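In what follows, a structure is listed as structure tokens, so that the remarks can point back to it.
Reminder, nothing fancy here: chain letters follow the sequence lines and each chain counts from 1. Reckoned from all heavy atoms, side chains included, excluding hydrogens, waters and symmetry mates. Please read these numbers as outputs of a predicted model, since none were measured by experiment.
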Amino acid sequence: MNIKVDGVVFSVEKGTRLRDILGQLKPAKTPVLAGVDGEVVGLDFRLEKDGDVHLIYSDSDEGLDILRHSASHLMAHAVLDLFPGTQVGIGPAIENGFYYDFLRETPFTPLDLETIEKKMHELADRNVPIQKIIHDKSEAVGQFKKLGQSLKVELIEEKGGESVSCYAQGGFVDFCLGPHLPSTGYIKHFKLLSVSGAYWRGDERGRQLQRIYGTVFFDKKQLADYLHLLEEAKERDHRKLGLELDLFSSCEDLGGGLILWHPKGARIRATIEQHWRERHWTGGYDILYTPHIGRASLWQTSGHLDFYKESMYSPMDIDEQDYYLKPMNCPFHIQVYKTRLRSYRDLPLRWAELGTVYRYERSGVLHGLLRVRGFTQDDAHIICTPQQIYDEILRVLDFSISLLADFGFVDNKIELSVRDPKNLAKYAGSEEMWQQAEASLVRALEARKLPYKRIEGEAVFYGPKIDIKIKDALGRLWQCTTIQFDFNMPERFDMTYVGEDNQPHRPYMVHRALLGSLERFFGILIEHYKGNFPLWLAPVQAVILPISERHEEYAVVLNKRLQERGIRSQADTRREKIGYKIRDAENQKIPLILVVGDKEVAAGTASLRVHTQGDKGQVQVVEFLDKIVDLNKNKSLTLSF
RNA sequence: GCCAGCGUAGCUCAGUCGGUAGAGCAGCUGAUUCGUAAUCAGCAGGUCGGAGGUUCGAUCCCUCUCGCUGGCUCCA
């Protein structure tokens, strides 16, 4: 009898268990499951006929998906056992875990989660087989009606074909395409994480269900690692660090989603902005400033009052005219463009602005610095001729990647969003423009050999775009850069330039933000570095700690020498023991700590301690100064002495 | 906006089955002059998120409201 395992043919005896052929196969890792002719089986599965086998490993997406999905069924099983009368909604595998939605009068409490978890362990320990059952539709509907599961009935009636696939384990049955584990015994290492509300089928007018989230892994260590990652994320939370390091706050009287930048946070922001301006000026951009409010007629022309009104704040009355807070900067930049007749010789124009915009966000979505109602975009508009778009896209792509790298973000994921081919009517701009724009985006990505994901239907109505997501120290992705074509605004504002042919032409406009917003980027930066900012960004770069009062004068002089070289330095002359001051400086995450006592005063040196690295011994002041000035100027991301 | 949870001193948290509150850190004052992550003592600090109701009496119970948290929805 011949079987093919992951493409390699083996000859085995009928009835051989999969487990027994692993010796011959010598896979690099031990598999947990296998797929045999489209079914998921355990390693004890006996091969009875010729067929295709593929091995499934504990850390593969496929394996985890099956496990997660089966764990969600196990959870539903436990919930129905514990709380009869509960209705089940849907329960898929998701990134990092699973959830299941339940319809039940009484809300689940954290205590209930423990009980459910215990029940799940019980059911898993019984190692109940999970069986696929094919019903015909009416039979399935009848069965779920009898069980009182009307949500499932609704789903089957809508989604089920003539025959309906269900999975059963013990007394629990679910309408589900699978695949699932062979039995519940595989589900050992899991944890239920939280309860929240979720709308039935995502419709906010519909019924609200209770969603329980959990996570599951094949082995104990993977679960422990994941839970550790969650802890680590909590430690890095920018809201916690923002308070501890005195970077920013928001307060009730101000209103949600509005941020106060404290001196240290503002220092970092100013450093970011300074760097950003330098890079833009040397990178071929000009910088604009525009106001925070504009007349209704402007927003009428731009179309924002038609298509963006829900995100805009109510108008204010100024001399009986309506003025609106700006949710975007583009109409202002366009006004600058229109102040004079533009020639093709003027293009491309690259106009950037750190523009503060205000957008209404629903109260429930506000989150620290990451989702706010007032924020400063590092915005720019590139206005160019059709012939220039490829060069401009390439340029902005390079620029963005290099700017992000300055802050230590070098691992990116790029997405290209294009039209939904099935719904071409809803887009602004001509067929030719879309094709040309998309081609230039693709060409630029390919010229730089940047891997990207093409997503159909994700483009906004006015043009295709490239988004860049950066990966932080915990491997989490954050969207920062967006580069979008806009075929709508030039039309609405009737932007033109005079071509070589002395005729008016419509320019192309590209809207781009690289860091995204300063608030959000700062939040990401705090979490990425866990508050341990690289030297060039640190609000306080060095602190001088005199051992006792008699070393104060030396410390003050040394401090002044650092400050004269442009280092943000402080002398801590509080009458405290050195251990106390060191602890304080370490907690404040100050990169460089200089301890000075009798020895240093006598030798004219300082003892250097580097944050998180410990005591480095004595350094010569002149050499040390040269070195840190250099590290600071070069915006080094690491400190080595 | 919706569901659930939370809101006690600047911060982290305890507490009151209804009789107006307590610790540690931070702060202030004093002593200590010290060598690589917390010196000691004293003091001060709260209309227990806000408003209303029930009650002889509310920080505690109820209603409303504001804010925060986790999600959902949204994210041109």
Expressed in whole Å, how much space separates the C1' atoms belonging to B/rG50 and B/rA58?
15 Å
The residue, A/R574 or A/Q210, whose nearest nucleotide of RNA chain B is more 5′ is A/Q210
For a quick check of understanding: with a heavy-atom distance under 4.0 Å over all strands, which category does A/L366 fall into, base, sugar-phosphate or nothing?
sugar-phosphate
More than 12 heavy atoms of other residues, nucleotides or ligands under 6.0 Å from CD of A/Q479: yes or no?
yes
Touch class at under 4.0 angstrom, heavy-atom based, for A/L545 against every strand present
nothing
Any side-chain N or O of A/H551 below 4.0 angstrom from OP1/OP2 of B/rC34?
no
Is a donor-acceptor pair below 3.5 Å formed from side chain A/R362 to base B/rC72, judging by atom type as modelled?
no
For B/rU16, what is the paired nucleotide under Watson-Crick or G-U wobble rules, both distances under 3.5 Å?
none
Less than 3.5 Å between a donor and an acceptor, one on the side chain of A/Y360 and one on the base of B/rG1, is that the case here?
no
Does A/S363 make a side-chain N or O approach to OP1 or OP2 of B/rG1 shorter than 4.0 Å?
yes
Quantified in whole Å, what is the P atom distance between nucleotide B/rG22 and nucleotide B/rU16?
14 Å
Out of B/rA76, B/rG71, B/rC72, which nucleotide sits closest to the side chain of A/M328?
B/rA76
Sugar-phosphate only, base, or nothing, as touched by A/Y99 at under 4.0 Å among non-hydrogen atoms:
nothing
Using atom types as modelled and distance alone, determine if a side-chain donor or acceptor of A/H333 lies under 3.5 Å from a backbone N or O of A/C330.
no
Going by purine N1 to pyrimidine N3 plus the second Watson-Crick contact, or the G-U wobble pair, all under 3.5 Å, which nucleotide sits opposite B/rU59?
none
Salt-bridge criterion met for A/R201 and A/E158 (N-O under 4.0 Å)
yes
Does B/rU54 have a Watson-Crick or wobble partner in any strand here, with both distances under 3.5 angstrom, and which is it?
none
Taking B/rA44 as the reference, what is the distance to B/rU32 when you measure between their P atoms (whole Å, please)?
23 Å
Contact class for A/K599 vs. all strands (heavy atom < 4.0 Å): base, sugar-phosphate, or nothing?
base
Rounded to whole Å, CD of A/E310 lies from P of B/rA76 at a distance of 11 Å
For A/R550, answer base if it contacts any base atom (sugar-phosphate contacts may also be present), sugar-phosphate if it contacts only those atoms, and nothing otherwise; contact means non-hydrogen atoms under 4.0 Å.
sugar-phosphate
Given B/rC34, B/rG35, B/rU12, identify the nucleotide with an atom nearest to the side chain of A/L243.
B/rU12
Rounded to whole Å, NZ of A/K465 lies from P of B/rA76 at a distance of 6 Å
Would you check if the distance from the ring center of A/F98 to the ring center of A/Y100 is below 6.0 Å?
no
For B/rC3 and A/R211 - does any side-chain N or O of the residue sit under 4.0 Å from the phosphate oxygens OP1/OP2?
no
What do the steps show when you test A/E154 against A/W200 for side chain to side chain contact (heavy atoms under 4.5 Å, CB included), and what is the final call?
CA-CA 11 Å; A/E154 205 176 301; A/W200 173 235; 3.0 Å; yes
May I ask you to decide whether A/R359 forms a salt bridge with A/E519, counting only side-chain N to carboxylate O separations under 4.0 Å?
no
Considering every strand and a 4.0 Å limit on heavy-atom distances, what is the contact class for A/G364: base, sugar-phosphate, or nothing?
base
Return the nucleotide paired to B/rC74: Watson-Crick means purine N1 to pyrimidine N3 with N6-O4 or O6-N4, wobble means G-U with N1-O2 and O6-N3, both under 3.5 Å.
none
Between A/F461 and A/F307, does the ring centre distance come in under 6.0 Å?
yes
Paired to B/rG35 by Watson-Crick or G-U wobble criteria (both distances under 3.5 Å) is none
Expected rows: protein N/O vs nucleotides 36-43 of chain B N/O, under 3.5 Å:
| residue | atom | partner | partner atom | Å |
| --- | --- | --- | --- | --- |
| B/rU36 | O2' | A/R609 | NH1 | 3.0 |
| B/rU36 | O2 | A/R609 | NH1 | 3.2 |
| B/rU36 | O4 | A/S607 | OG | 3.3 |
| B/rA37 | N7 | A/R609 | NH2 | 3.1 |
| B/rA37 | N6 | A/E586 | OE1 | 3.4 |
| B/rA38 | N9 | A/R583 | NE | 3.4 |
| B/rA38 | N7 | A/R583 | NE | 3.3 |
| B/rA38 | N7 | A/R583 | NH1 | 3.1 |
| B/rA38 | N7 | A/R583 | NH2 | 3.3 |
| B/rA38 | N6 | A/R583 | NH2 | 2.6 |
| B/rA38 | N1 | A/R583 | NH2 | 3.3 |

Identify whether any heavy atom of A/N488 sits under 4.0 Å from a base atom; if not, whether one sits that close to sugar-phosphate; answer base, sugar-phosphate or nothing.
nothing
Inter-nucleotide P distance (B/rC61, B/rC6), Å rounded:
10 Å
Write down the distance separating the C1' atoms in B/rG18 and B/rG53, rounded off to the nearest Å.
15 Å
NA contact type, A/H304, heavy-atom cut-off 4.0 Å: base, sugar-phosphate, or nothing?
nothing
Please give the nucleotide sitting opposite B/rA41 as a Watson-Crick or G-U wobble pair, both distances under 3.5 Å, or none.
B/rU29
Atom CG of A/L113 to atom P of B/rC3: distance rounded to whole Å?
19 Å
Taking a pair to mean Watson-Crick or G-U wobble geometry with both distances below 3.5 Å, B/rA9 pairs with none
Could you tell me how the ring of A/F485 sits relative to the ring of A/F487: parallel (under 30°), tilted (30 to 60°) or perpendicular (over 60°)?
tilted
Aromatic contact, A/F375 with A/W261 (centres under 6.0 Å)
no
For B/rU69, the Watson-Crick or wobble partner whose two distances fall under 3.5 Å:
B/rA4
Integer angstrom distance from the C1' of B/rA51 to that of B/rU59
15 Å
OP1 or OP2 of B/rG70 versus the side-chain N and O atoms of A/R239: is any pair under 4.0 Å?
yes
Identify, between A/Y199 and A/V596, the residue whose nearest nucleotide on RNA chain B lies closer to the 5' end.
A/Y199
Whole Å only: how far is the CZ atom of A/R371 from the P atom of B/rC68?
14 Å
Expressed in angstrom and rounded to an integer, what is the separation of A/L370 atom CG from B/rC75 atom P?
19 Å
If I take atom CD1 in residue A/I94 and atom C1' in nucleotide B/rG70, what distance separates them, rounded to the nearest angstrom?
13 Å
Can you tell me, in whole Å, how much space there is between the C1' of B/rC74 and that of B/rG57?
47 Å
Below 6.0 angstrom between ring centroids: does that apply to A/F108 and A/F83?
yes
What nucleic acid atoms does A/Y308 come within less than 4.0 Å of, heavy atoms only: base, sugar-phosphate, or nothing?
sugar-phosphate
Would you mind checking if A/R583 and A/E586 are paired as a salt bridge, meaning a charged N to carboxylate O distance below 4.0 Å?
no
Output the rounded distance in Å from CG (A/L245) to C1' (B/rA26).
15 Å
Taking only the P atom of each, what is the distance from B/rA41 to B/rA23 in whole angstrom?
14 Å
Output the rounded distance in Å from CZ (A/R207) to C1' (B/rG1).
20 Å
